[in-house]
Amino acid sequence: MLLVPYIRENKEAVATALKIKNFKDIDILDLIVNTDDNRRELQKKLDDTLAESKIIAKEIGGLFKSGKIEEANIKKAKTGELKELSKSLSDDLAEAKKKLTYLLLKVPNIPHPSVIAGNSDEDNEIIKNIGEIPEMPDNALPHWELTEKYDIIDFELGNKITGAGFPVYKGKGARLQRALINFFLDEASNAGFREVQPPLLVNEDSGYGTGQLPDKDGQMYHVGEDNLYLIPTAEVPITNIYRDVIVKAVDFPIRNTAYSQCFRREAGSYGKDVRGLNRLHQFDKVEIVVIDHPEKSYARLEEMTNYVQSLLVKLELPYRLLRLCGGDLSFTAALTFDMEVYSAAQKRWLEVSSVSNFESFQANRLKLRFKDENGKTQLAHTLNGSALALPRIVAALLENNQTPEGIKIPKALVPYTGFEYIN
RNA sequence: GGAGAGGUGCUCGAGUGGCUGAAGAGGUACGCCUGGAAAGCGUAUAAACGUGAAAAUGUUUCGAGGGUUCGAAUCCCUCUCUCUCCGCCA
């Protein structure tokens with residue numbers, strides 16, 4: 001959520017910036033300011049009314065004590081009116097606040113000045129290409145055939161047990177998963193991230209805190225009996241650690257990492273692009289989350305992006321780094337870098353990581369604050385990124401490393417898998 | 001799941017209808033004292049929202065929400081969380 005005072009003072013700039021994100025409903029900004037004016041006015045009236053009745057209540061107390069019952073009763077009658085007035089004012093105020101929040105939730109985050117306009121992923125800026133795209137023989141197989149050939153990931157079995165998008169990892173496939181998880185967690189620890197193991201189900205408040213609710217309600221699995229949601233990413237529980245928290249500035253930067261399974265309904269996405277491991281309902285991911293001072297957040301974003309790239313380099317995967325254009329940027333992000341790995345057999349780029357700075361957008365919803373040098377509380381900046389999500393990494397590893405002898409495991413991973421080839 | 005007890009500020013803890021945003025203690029910060037430190041002494045120490053140029057000041061918040069009352073941390077209702085006992089159980 002954007003801050004109302006910020007919108008108020010920078011309305012033109014906000015409007016211009018939001019156009020880069022293809023946000024159409026610019027008039028909403030005026031509506032927000034008007035609603036806020038109304039809210040303030042009601043607040044003032046309510047405060048005054050309450051202050052008055054408070055004074056009278058005290059007077060009545062005094063009168064009762066000194067035995068002036070009659071006078072007290074006269075005063076009592078007077079507070080009746082005030083009570084009714086304050087009741088209606090506080091109803092109006094609650095209504096105005098609700099409306100304001102509703103409006104604010106509709107406004108996306110403001111993109112960073114470096115973000116260019118654009119409509120889709122085709123307009124994203126390619127910042128660099130790293131690694132050589134391997135030349136594959138004509139008979140190179142896509143991963144969904146390799147997994148069957150080596151019997152390491154069973155999609156059919158998953159269909160039987162649960163449904164599409166819930167594969168069963170078997171033998172070296174299962175082992176490879178575990179190896180990647182441990183590799184990513186170890187790397188993150190070495191890079192200064194604290195490892196946490198969060199719950200996989202979260203309550204409604206947490207869903208709102210990180211913005212999955214209400215917008216993405218239908219994308220999360222919901223356990224109705226207990227009104228809990230399966231997390232779509234560890235970002236949700238980790239970031240919510242800091243919901244309603246005032247952190248100490250000396251603790252900055254606060255770096256956390258967590259491995260979790262992620263659950264996504266992916267309602268409405270079917271077709272060729274989602275075959276095999278490209279899109280799953282349940283998958284594994286190691287996430288990194290950073291909280292820092294507003295002045296430091298962009299340096300931190302770069303640091304995180306570099307860190308994720310270092311993982312790809314160690315895994316010997318050719319990748320490219322993209323800066324998302326306004327149209328492809330998520331609702332909450334101010335700036336996002338995507339890393340895409342080249343999948344040789346599918347002949348396409350697969351997004352394996354998204355690293356974003358949300359500035360204070362998330363923190364405002366979360367009420368995640370810190371005390372600055374002057375002792376003032378202000379919103380912190382939050383960032384997060386995948387480091388990394390497994391399925392597409394596995395897909396690329398399988399496809400790019402297929403050899404007549406089997407799938408060659410990259411050197412960095414061998415200590416974790418305990419084998420050099422899947423065959 | 002059944003029975004009971006409880007949730008007060010950074011922490012502990014008092015408080016059963018008005019003088020309590022909240023005693024007292026601890027912690028922390030600053031100052032005094034000291035050659036330095038400890039002890040001692042003094043002062044400060046929540047957040048949100050309003051008004052104000054600022055100093056300042058109003059309102060709200062004692063798990064959450066609702067109710068009773070002129071007035072609620074204190075009484076009533078609902079929910080939630082924690083603890084104890086029983087049951088069940090990875």
Side-chain angles (χ1 to χ4, degrees), chain A residues 1-9 32-105 197-209 213 223-229 237 240-251 254 261 291 360 362-380:
Chain A
M1 267 192 328
L2 296 178
L3 290 161
V4 179
Y6 184 82
I7 296 177
R8 199 181 271 281
E9 282 159 34
I32 286 171
V33 172
N34 291 341
T35 308
D36 191 50
D37 285 341
N38 183 234
R39 194 204 98 244
R40 284 196 202 182
E41 198 181 311
L42 289 166
Q43 179 81 55
K44 174 112 180 68
K45 279 187 191 162
L46 177 63
D47 284 359
D48 291 347
T49 310
L50 287 174
E52 196 180 340
S53 46
K54 229 173 148 174
I55 290 165
I56 296 177
K58 279 199 179 150
E59 287 173 0
I60 293 172
L63 290 171
F64 271 123
K65 278 227 172 116
S66 50
K68 296 175 182 163
I69 311 292
E70 261 179 59
E71 273 184 61
N73 283 331
I74 294 166
K75 293 244 179 199
K76 262 199 206 183
K78 203 172 181 183
T79 56
E81 290 169 40
L82 288 173
K83 205 181 171 187
E84 255 177 63
L85 181 59
S86 64
K87 173 98 180 122
S88 94
L89 281 170
S90 77
D91 286 349
D92 292 349
L93 181 62
E95 190 59 38
K97 281 184 179 171
K98 210 171 128 189
K99 185 178 172 191
L100 186 61
T101 306
Y102 170 79
L103 292 171
L104 285 169
L105 286 176
Q197 210 178 70
L200 302 183
L201 282 91
V202 295
N203 59 27
E204 242 177 350
D205 284 347
S206 294
Y208 279 98
L213 293 174
V223 184
E225 182 90 358
D226 296 294
N227 197 23
L228 296 172
Y229 293 84
N240 271 285
I241 293 173
Y242 301 96
R243 169 156 50 85
D244 293 323
V245 171
I246 298 177
V247 299
K248 296 198 185 91
V250 292
D251 293 333
I254 298 171
Q261 308 216 308
I291 298 164
S360 62
Q362 259 187 346
N364 188 23
R365 261 206 213 189
L366 286 162
K367 298 281 170 279
L368 161 50
R369 292 155 297 173
F370 70 99
K371 279 208 197 297
D372 66 18
E373 311 72 45
N374 307 318
K376 285 228 174 199
T377 47
Q378 59 167 298
L379 295 171

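Chain identifiers are assigned alphabetically (A, B, ...) following the order of the sequence lines, protein sequences preceding nucleic acid strands; residue numbering begins at 1 within each chain. All of these numbers come straight from a predicted model, not from anything done at the bench.
Atom NZ in Lys44(A) sits roughly 11 Å away from atom P in rU59(B) (whole-Å rounding). Atom pair Lys97(A):NZ and rU61(B):C1' shows a separation of 11 Å (rounding to whole Å applied). The distance between atom CD of Glu204(A) and atom C1' of rC79(B), rounded to the nearest whole Å, is 14 Å. Distance CG (Leu50(A)) to P (rC70(B)): 16 Å, rounded to an integer number of Å. For the pair Leu46(A) CG and rU51(B) P, the computed distance is 14 Å after rounding to whole Å. Atom pair Glu41(A):CD and rG58(B):C1' shows a separation of 17 Å (rounding to whole Å applied). Nucleotide rU80(B) holds its P atom 11 Å from the CG atom of Asp226(A), rounded to whole Å. Separating the CG atom of Asn203(A) from the P atom of rC79(B) is a distance of 18 Å, rounded to the nearest angstrom.
Going from the C1' atom of rU16(B) to that of rA72(B) covers 11 Å, rounded to whole Å. Annotation: rU80(B) and rG87(B) have their C1' atoms spaced 23 Å apart (nearest Å). Between rC62(B) and rA22(B), the two C1' atoms lie 8 Å apart (nearest whole Å). Separating the C1' atom of rC81(B) from that of rC19(B) is a span of 34 Å, rounded to the nearest Å. Between the P atoms of rG35(B) and rA48(B), the separation comes to 44 Å (whole Å). Only the P atoms considered, rG21(B) is 10 Å distant from rU59(B), to the nearest whole Å. Rounded to whole Å, the C1' atom of rG9(B) lies 14 Å from the corresponding atom of rU28(B). Taking the P atoms as reference points, rU60(B) lies 33 Å from rG42(B), given to the whole Å.
Nucleotide rG31(B) is matched to rC41(B) when pairs are restricted to Watson-Crick or G-U wobble geometry with both distances under 3.5 angstrom. Nucleotide rA73(B): unpaired (no Watson-Crick or G-U wobble partner with both distances less than 3.5 Å). Partner assigned to rA46(B) is rU61(B), using Watson-Crick or G-U wobble distances below 3.5 angstrom. The base-pairing partner of rG36(B), taking Watson-Crick or G-U wobble contacts with both distances under 3.5 Å, does not exist among the strands shown. In this entry rA56(B) has rU51(B) as its Watson-Crick or G-U wobble partner, both defining distances falling under 3.5 Å. Base pairing of rU20(B): no nucleotide in any strand meets the Watson-Crick or G-U wobble criterion (both distances under 3.5 Å). Pairing for rG9(B) is absent, judged as Watson-Crick or G-U wobble with the two contacts each under 3.5 Å. The pairing partner recorded for rC85(B) is rG2(B), the criterion being a Watson-Crick or G-U wobble arrangement whose two distances lie under 3.5 angstrom.
Taking every side-chain heavy atom of Asp47(A) into account, rC49(B) is the closest of rU51(B), rC49(B), rC70(B). Closest to the Gln43(A) side chain, of the nucleotides rU59(B), rG18(B), rC49(B), is rC49(B). When distances run from any side-chain atom of Phe64(A) to the nucleotides rC70(B), rG50(B), rG67(B), the shortest one goes to rC70(B).
Counting heavy atoms from C-beta on, the side chains of Leu100(A) and Leu104(A) come closer than 4.5 Å. The shortest side-chain heavy-atom distance between Leu379(A) and Leu3(A) falls under the 4.5 Å cut-off. Here the side chains of Asp37(A) and Glu41(A) are not in contact, with every heavy-atom distance at 4.5 Å or above. Using a 4.5 Å heavy-atom cutoff, the side chains of Leu93(A) and Lys45(A) are not in contact. Proximity of Lys248(A) to Phe370(A): side-chain heavy atoms (C-beta onward) are nowhere separated by under 4.5 Å. Looking at heavy atoms from C-beta onward, Ile32(A) lies out of side-chain contact with Leu2(A) at the 4.5 angstrom threshold. When side chains are defined from C-beta on, Ile69(A) counts as touching Phe64(A), because their heavy atoms get closer than 4.5 Å.
The nearest heavy atom of RNA chain B to Lys75(A) and to Asp36(A) marks one nucleotide each, and the one closer to the 5' end goes with Asp36(A). Between Ala51(A) and Ala57(A), it is Ala57(A) whose nearest contact on RNA chain B lies nearer the 5' terminus.
Contact annotation: Lys45(A) does not reach the phosphate of rU59(B) (side-chain N/O to OP1 or OP2, under 4.0 Å). Applying the 4.0 Å criterion to OP1 and OP2 of rC49(B), one finds that Arg40(A) has every side-chain N and O outside that range. Contact annotation: Lys248(A) side-chain N/O to rU28(B) OP1/OP2 distance is not under 4.0 Å.
Nucleic acid contact for Lys78(A): none, since no nucleic acid atom lies under 4.0 Å from a heavy atom of the residue. No contact: Lys376(A) has no heavy atom under 4.0 Å from any strand. Counting non-hydrogen atoms under 4.0 angstrom, Ile56(A) reaches nothing in the nucleic acid.
Listed here is the closest heavy atom pair of Glu71(A) and Leu63(A): OE1-CD2, 3.8 Å.
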Given the rule in the side-chain contact (heavy atoms from CB on, under 4.5 Å) test, do Asn227(A) and Asn203(A) qualify, once you have shown the distances and angles that lead to the verdict? CA-CA 7 Å; Asn227(A) 197 23; Asn203(A) 59 27; over 6 Å; no

Every protein N/O within reach of nucleotides 45-48 of chain B N/O, cut-off under 3.5 Å:
from: rA47(B); atom 1: OP1; to: Lys371(A); atom 2: NZ; distance (Å): 2.3
from: rA47(B); atom 1: O3'; to: Arg369(A); atom 2: NH1; distance (Å): 3.2
from: rA48(B); atom 1: OP1; to: Arg369(A); atom 2: NH1; distance (Å): 3.2
from: rA48(B); atom 1: OP1; to: Thr377(A); atom 2: OG1; distance (Å): 3.3

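For the residue pair Asn38(A) and Thr35(A), no side-chain donor N or O sits within less than 3.5 Å of a side-chain acceptor on the partner.
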